[in-house]
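Let me begin by presenting the structure, written as structure tokens, before commenting on it.
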Amino acid sequence: MFGVVSDLISSGVLPEDVRGAPVEISDTKQPEHGDFACNFAMVASKKAGMNPRQLGEALREKILAKGDSAVREIEVAGPGFLNFRLHPSWVASFVPNVLDKGSDLAKSQSGSKRINVEFVSVNPNGPITIGSGRGAAYGSTLSNVLQAAGNVVHREYYINDGVNSEQMRLFAESVKAIVEGRPVPDNGYKGDYVHAVAADIKEEASSLGLPSLTTDWYQQKAQDSMLQAQESALTAFGVAFDTWFSEQSLHEAGAVSVEIDQMIESGVADANPVRTKLKLAKGGVIDEVIVESQTGDVSEDDDDPNASAAQVTEGGQPTLWLRSTKFGDDMDRVLRRRDGRLTYIASDVAYHKDKFNRPENADKLITILGPDHHGYIGRLTAVVAAMFRAASRAEQGAGGGVPGAGNASELSEVEAKIYGSVEERDACLAALSEAKARLEVQIYQLVRFMKDGKPAPMRKRDGNIYALIDLIREIGEKVAPDGTDEEKTTAGRDVARFFYLMRSHDTTFDFDLDLAEKQSDDNPVFYVQYAHARICSVLRKAAEAGFEVTDSADFEKLVHERELTLIKKVCDLPYEVKRCAEDYGVHRLTTYAIELARTYHHFYDACRVIQADQPELTRARLGLCQATRVALKGALDLLGISAPERM
RNA sequence: GCGGCUGUAGCUCAGUGGAUAGAGCGCUUCCCUCCGGAGGAAGAAGUCGGGGGUUCGAGUCCCUUCAGCCGCGCCA
């Protein structure tokens with residue numbers, strides 16, 4: 001196509017202008033539009049100074065004159081589409097290619113980055129919930145897809161085990177109370193799983209002597225126990241991590257205090273008793289800069305007098321602020337509280353530095369967070385930007401900014417309040433743009449679980465949490481009632497993953513438990529898996545009849561419309577994967593799997609595979625069956641769903 | 001107030017700026033001498049929330065408006 005356009009330009013039929021017009025070849029929706037369509041004539045008609053159909057005619061003749069073996073026919077249709085019809089033999093020649101590639105079919109070399117994908121990362125004070133299940137399914141599949149697209153992928157789980165965390169403290173105290181036979185504190189953790197954790201460590205506690213054990217000891221033990229439960233639930237769900245990274249290890253290694261010193265030194269953090277807040281108008285435009293004084297009573301307009309009283313009485317040292325408003329955040333954030341304890345943001349700075357600076361040296365970080373964290377994007381980006389800013393300051397010495405940033409524009413009134421100087425502004429904005437380029441935060445949206453047509457509660461009144469492992473077990477029990485425990489887990493995992501991945505991660509959706517628990521054709525998971533099992537059955541049957549699958553059959557025998565449609569669908573897999581890797585929309589793989597299964601069923605219905613009196617046709621169709629199996633299994637593998645040979 | 005998500009067939013939802021907007025469920029019919037019927041074929045069903053704009057062309061991109069769900073701590 002490019003060649004043809006280029007020829008026409010050289011020969012003076014088309015003006016030079018046309019060279020810039022994009023050439024797009026797309027799949028057609030309707031068979032009468034041929035196999036592929038090209039819209040070039042319409043896109044370029046203005047520049048060419050010809051009407052689209054005229055231009056299309058010219059292109060058509062030129063292409064046909066080239067005598068490409070793939071093209072059988074071209075017609076100019078509609079407003080100016082070029083509809084290409086391909087030779088069936090050319091289409092059929094892809095079958096042996098697919099057979100050669102085998103399990104590599106889904107792979108491509110479109111990406112070449114080193115990517116760190118962090119996902120799930122829930123606190124070690126509770127089980128993986130069905131809400132986090134979406135992040136687990138999404139993160140693991142996205143990782144698979146990015147890897148298939150040619151990237152080196154590192155899967156990571158961040159353990160929020162900072163000893164200063166209030167939540168972890170409370171969790172430890174709750175467990176301690178249970179072990180000691182006392183009632184748990186009013187605001188403590190009360191679910192069954194807390195008792196399970198207590199039971200898990202009780203023996204060791206008793207042997208060490210209860211009175212000697214501190215809350216610290218309980219925190220460590222309770223957390224270990226919980227982590228183990230989380231890991232086993234994730235394993236059952238088909239999710240594995242390369243690294244389980246401990247927040248506390250950063251504190252112990254002194255990395256956090258190093259970062260804090262560096263931030264103070266470079267001026268992105270300080271203890272001035274003010275807090276900058278930005279009032280934003282539509283579109284993120286800064287409307288007003290508010291600098292609040294933080295001296296004396298922290299009284300703001302707080303409705304809760306106890307809370308502010310507590311803050312005042314605990315006051316020991318001035319609050320340390322991260323001036324995150326310099327990096328696009330809408331308010332400054334606390335790094336170190338009045339009582340001296342560090343916030344999670346402090347460790348996040350050190351954590352992100354670590355991710356970038358490890359030997360494996362990630363080019364890009366992807367962090368997958370739940371819907372309750374979307375306000376965290378700005379904060380996290382600011383944290384990384386501050387980290388870059390502090391690091392560049394440290395390297396270049398004091399005054400190191402970005403020399404020759406080229407932006408000599410003066411400070412606006414708003415900028416003056418935030419940055420104070422042109423140099424500071426430019427350096428901070430440069431750091432921010434680097435942070436945006438290298439950190440990508442993906443938020444998945446809320447899942448609502450529907451049972452009997454009504455929303456199922458995520459958290460029960462007795463303090464129990466609807467855990468992912470329970471979801472897997474419940475579905476497995478319904479869908480594989482006669483299976484072994486392992487079969488039930490696999491079935492539950494397959495169904496749950498498929499359902500989580502059916503919709504874009506970026507959109508809220510209802511998880512239909514009633515449908516998920518149906519062991520019938522209504523359930524899309526089984527529809528897809530059944531297609532795979534059916535192919536395997538045909539292949540078994542063929543083997544019994546003495547047929548072998550080879551890549552040297554006479555594939556030109558494949559001329560039926562449904563055979564050709566199936567071949568094209570099979571060949572789509574690597575392109576689907578590539579697209580998913582580009583826009584992270586991995587839900588398309590479930591749609592693809594359903595469509596591929598359907599296309600196979602169509603073929604199966606119209607084209608009998610095993611026919612003793614037509615051995616050549618049989619061998620060709622067996623090859624196509626095997627190719628379909630390769631694509632189906634390829635898609636299911638990426639989704640983390642099993643491809644059963646029998647059902 | 002600010003931000004995120006959503007609005008497409010009776011229901012649940014697909015949909016790469018392309019031609020007559022597609023599936024599944026449900027509804028009305030039909031196909032088992034059969035390699036697995038957990039399958040297939042046909043039909044009815046739509047002002048793509050409303051209004052502007054961008055362009056050869058908009059469900060898709062931009063603006064605006066209406067409706068719904070969710071989130072905005074010195075918790076993580």
Side-chain angles (χ1 to χ4, degrees), chain A residues 24 26-30 32-33 37 39 41-43 45-46 51-52 77-81 83 121-123 125 160 162 165-168 170 247 275 278-282 284 287 294 298 302 307 311 314 319-321 330 333-339 341 343-345 371-378 443 445-446 448 450 502-504 506-510 512 515 518-531 533-542 544-545 575 579 583 587-588 590-591 594-595 597-598 600-602 604-606 608-611 618 621-622 625 646-647:
Chain A
E24 288 171 24
S26 59
D27 221 342
T28 56
K29 285 181 183 164
Q30 291 169 27
E32 56 268 33
H33 295 149
N39 61 1
M42 292 179 296
V43 175
S45 69
K46 213 170 205 176
N51 81 48
F81 287 102
N83 288 338
S121 298
V122 301
N123 292 345
N125 58 9
N160 298 103
S165 157
E166 288 180 20
Q167 294 299 320
M168 289 311 298
L170 190 54
E247 175 189 355
R275 175 183 210 172
L278 306 180
K279 196 172 175 189
L280 298 176
K282 278 257 164 79
D287 199 38
Q294 300 287 314
V298 181
D302 203 323
Q311 283 171 334
E314 281 176 26
T319 303
L320 183 67
W321 296 92
D330 61 350
R333 305 287 168 176
V334 174
L335 282 170
R336 194 171 54 217
R337 304 177 180 96
R338 287 159 176 263
D339 61 11
R341 292 185 303 148
T343 66
Y344 66 98
I345 288 181
D372 47 337
H373 285 70
H374 85 258
Y376 193 79
I377 300 175
I443 302 287
Q445 295 294 331
L446 198 78
R448 207 163 50 138
M450 304 296 285
M502 272 197 297
R503 312 274 178 255
S504 166
D506 202 23
T507 180
T508 46
F509 89 105
D510 290 343
D512 187 342
L515 179 59
K518 264 193 199 164
Q519 190 188 6
S520 76
D521 54 337
D522 297 346
N523 195 327
V525 191
F526 300 133
Y527 180 82
V528 172
Q529 290 186 323
Y530 174 69
R534 189 180 229 187
I535 293 170
C536 292
S537 168
V538 171
L539 295 174
R540 278 194 301 269
K541 203 88 177 179
E544 283 168 23
Y575 300 99
R579 267 190 73 206
D583 68 7
H587 66 288
R588 272 193 299 262
T590 54
T591 308
I594 292 170
E595 283 173 3
R598 182 157 35 236
Y600 181 77
H601 288 311
H602 287 179
Y604 180 90
D605 192 56
R608 192 182 168 80
V609 177
I610 301 170
Q611 301 183 62
T618 299
R621 285 182 173 171
L622 281 174
C625 287
R646 296 171 201 271
M647 289 173 73

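Each chain gets a letter, A, B and so on, in the order its sequence line appears, and its residues count up from 1. Only a predicted model underlies this, so the values are computations on that prediction, with no experimental measurement involved.
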task = Please measure how far the P atom in rC30(B) lies from the corresponding atom in rA23(B), and state the result in whole Å.
result = 22 Å
request  = Could you tell me whether Arg503(A) contacts a base, only the sugar-phosphate backbone, or nothing, with contacts defined as non-hydrogen atoms closer than 4.0 Å?
outcome  = sugar-phosphate
request  = Give one of base, sugar-phosphate or nothing for Thr507(A), where a contact means two heavy atoms less than 4.0 Å apart.
outcome  = sugar-phosphate
key: Asp372(A) (side chain) and rG71(B) (base): donor-acceptor pair under 3.5 Å   = no
note = Taking a pair to mean Watson-Crick or G-U wobble geometry with both distances below 3.5 Å, rU33(B) pairs with none
ask   = Hey, does the side chain of His373(A) come within less than 4.0 Å of rG73(B)'s phosphate (OP1/OP2), counting only N and O?
value = no
key: Side-chain N or O of Arg598(A) closer than 4.0 Å to phosphate OP1/OP2 of rG40(B)   = no
Separation between the P atoms of rG43(B) and rG24(B), rounded to whole Å = 12 Å
task = Identify, between Ala77(A) and Asn123(A), the residue whose nearest nucleotide on RNA chain B lies closer to the 5' end.
result = Ala77(A)
inquiry  = Between the base of rC74(B) and the side chain of Thr319(A), is one N or O donor paired with an acceptor at under 3.5 angstrom?
reply    = yes
ask   = Across all strands, who's sitting opposite rA23(B) as a Watson-Crick or G-U wobble pair, both distances under 3.5 Å?
value = rU12(B)
task = Tell me which of Gly375(A) and Val43(A) sits closer to the 5' end of RNA chain B, going by the nucleotide each one is nearest to.
result = Val43(A)
request  = Return the nearest nucleotide to the side chain of Asp605(A); candidates are rG39(B), rC56(B), rG71(B).
outcome  = rG39(B)
Of the listed nucleotides rC70(B), rG18(B), rC13(B), the one nearest the side chain of Leu446(A) = rC70(B)
key: rC72(B) - base-pair partner by Watson-Crick or wobble geometry, distances under 3.5 Å   = rG1(B)
query = Contact class for Lys279(A) (heavy atom, under 4.0 Å): base, sugar-phosphate, or nothing?
reply = nothing
ask   = Quick one: is Tyr600(A) getting a side-chain N or O under 4.0 Å of the rG36(B) phosphate, OP1 or OP2?
value = no
note = Scanning all shown strands, the Watson-Crick or wobble mate of rA67(B) with both distances under 3.5 Å is rU6(B)
inquiry  = Below the 4.0 Å mark, does rA19(B) have OP1 or OP2 next to a side-chain nitrogen or oxygen of Lys29(A)?
reply    = yes
task = Tell me what Gln445(A) touches on the nucleic acid: a base, only sugar-phosphate, or nothing, going by heavy atoms under 4.0 Å.
result = sugar-phosphate
query = Is any side-chain N or O of His602(A) under 3.5 Å from a base N or O of rG40(B), one able to act as donor and the other as acceptor?
reply = no
key: Rounded interatomic separation in angstrom, taking CG from Leu170(A) and P from rA76(B)   = 13 Å
inquiry  = With a 3.5 Å distance limit and no angle check, can you tell me whether Asp506(A) reaches the backbone of Gln445(A) through a side-chain donor-acceptor pair?
reply    = no
request  = May I ask you to verify whether the side chain of Asn83(A) and the base of rA19(B) hold a donor-acceptor pair under 3.5 Å?
outcome  = yes
query = Under 4.0 angstrom, heavy atoms only, what part of the nucleic acid is Ala37(A) near: base, sugar-phosphate, or nothing?
reply = base
task = Determine the interatomic distance between P on rC70(B) and the same-named atom on rC13(B); round to the nearest Å.
result = 16 Å
query = Can you tell me if Thr28(A) uses its side chain to pair, donor with acceptor, with the backbone of Ala37(A) under 3.5 Å?
reply = no
message = Need one value for Phe81(A): base, sugar-phosphate or nothing, where a base atom within 4.0 Å counts as base even if backbone is also close, heavy atoms only.
response = base
ask   = Quantified in whole Å, what is the C1' atom distance between nucleotide rG51(B) and nucleotide rA67(B)?
value = 15 Å
Pairwise C1' distance for rG50(B) and rG57(B), with rounding to whole Å = 22 Å
task = For rC2(B) and rG49(B), measure between their C1' atoms and round to the nearest Å.
result = 24 Å
ask   = To the nearest Å, how far apart are Asp330(A) CG and rG71(B) C1'?
value = 13 Å
task = Mind checking Val122(A) for me? I need base, sugar-phosphate or nothing, with any heavy atom below 4.0 Å counting as a touch.
result = nothing
query = Do Leu622(A) and Val609(A) have side chains that get closer than 4.5 Å, going by heavy atoms?
reply = yes
request  = Find the partner of rU55(B): check Watson-Crick (N1-N3 plus N6-O4 or O6-N4) and G-U wobble (N1-O2, O6-N3) distances, both under 3.5 Å, and reply none if neither fits.
outcome  = none
key: Gap between atoms CG and P, on Asn160(A) and rC75(B) respectively (whole Å)   = 14 Å
query = Are any of the side-chain heavy atoms of Phe526(A) and Pro524(A) separated by less than 4.5 Å?
reply = no
task = Mind checking the CZ-CD spacing from Arg337(A) to Glu166(A)? Nearest 0.5 Å is all I need.
result = 5.5 Å
ask   = If you look at every strand shown and take non-hydrogen atoms under 4.0 Å, does Tyr604(A) touch a base, only sugar-phosphate, or nothing?
value = base
Out of rC56(B), rA38(B), rG39(B), whichever nucleotide has its closest atom nearest the side chain of His601(A) = rG39(B)
ask   = How about Tyr600(A) and Cys625(A): do any of their side-chain heavy atoms sit closer than 4.5 Å?
value = yes
message = Just the rounded figure in Å: distance from C1' of rG24(B) to CE of Met502(A).
response = 10 Å
request  = In whole angstrom, give the distance that lies between atom CD of Glu24(A) and atom C1' of rC56(B).
outcome  = 14 Å
query = Between Asn523(A) (side chain) and Val525(A) (backbone), is there a donor-acceptor pair under 3.5 Å?
reply = yes
query = What nucleic acid atoms does Arg579(A) come within less than 4.0 Å of, heavy atoms only: base, sugar-phosphate, or nothing?
reply = base
inquiry  = Using the rule given for salt bridge (charged side-chain N to carboxylate O under 4.0 Å, His left out), can you reason through Asp339(A) versus Arg341(A), listing the C-alpha separation, both sets of side-chain angles and the distance that settles it, and then say yes or no?
reply    = CA-CA 6 Å; Asp339(A) 61 11; Arg341(A) 292 185 303 148; 3.1 Å; yes
inquiry  = Which nucleotide wins on minimum distance to the side chain of Thr508(A), given the candidates rC25(B), rC5(B), rC74(B)?
reply    = rC5(B)
Short side-chain to backbone donor-acceptor contact, Arg608(A) and Ile610(A), under 3.5 Å = yes
note = Regarding the side chain of Asp510(A), the nearest nucleotide among rG36(B), rA76(B), rC13(B) is rC13(B)
key: Rounded distance (Å) that lies between atom C1' of rC25(B) and atom CZ of Phe526(A)   = 17 Å
inquiry  = Using a 4.0 Å heavy-atom cut-off, does Asp506(A) contact any base of the nucleic acid, only the sugar-phosphate backbone, or nothing at all?
reply    = sugar-phosphate
inquiry  = With a cut-off of less than 4.0 Å, is there a side-chain N or O of Ser537(A) near OP1 or OP2 of rG36(B)?
reply    = yes
message = Between rC27(B) and rG68(B), how many Å separate the two P atoms, rounded to a whole number?
response = 33 Å
query = Looking at the side chain of His374(A), which of rG4(B), rC74(B), rG36(B) is the nearest nucleotide?
reply = rG4(B)
ask   = Which part of the nucleic acid does Asn39(A) contact within heavy-atom distance under 4.0 Å: base, sugar-phosphate only, or nothing?
value = base
inquiry  = Between rC63(B) and rA19(B), how far apart are the two P atoms, rounded to whole Å?
reply    = 25 Å
message = At 4.0 Å (heavy atoms only), tell me whether His33(A) reaches a base, stays on the sugar-phosphate, or touches nothing.
response = base
inquiry  = Strictly distance-based, threshold 3.5 Å: is any side-chain N or O of Asp287(A) a donor or acceptor partner for the main-chain N or O of Ala281(A)?
reply    = no
remark   = From CD of Glu595(A) across to P of rU16(B) the rounded distance in Å is 11 Å
ask   = Quick one: which of rG39(B), rA38(B), rG36(B) gets closest to the side chain of Ala533(A)?
value = rG36(B)
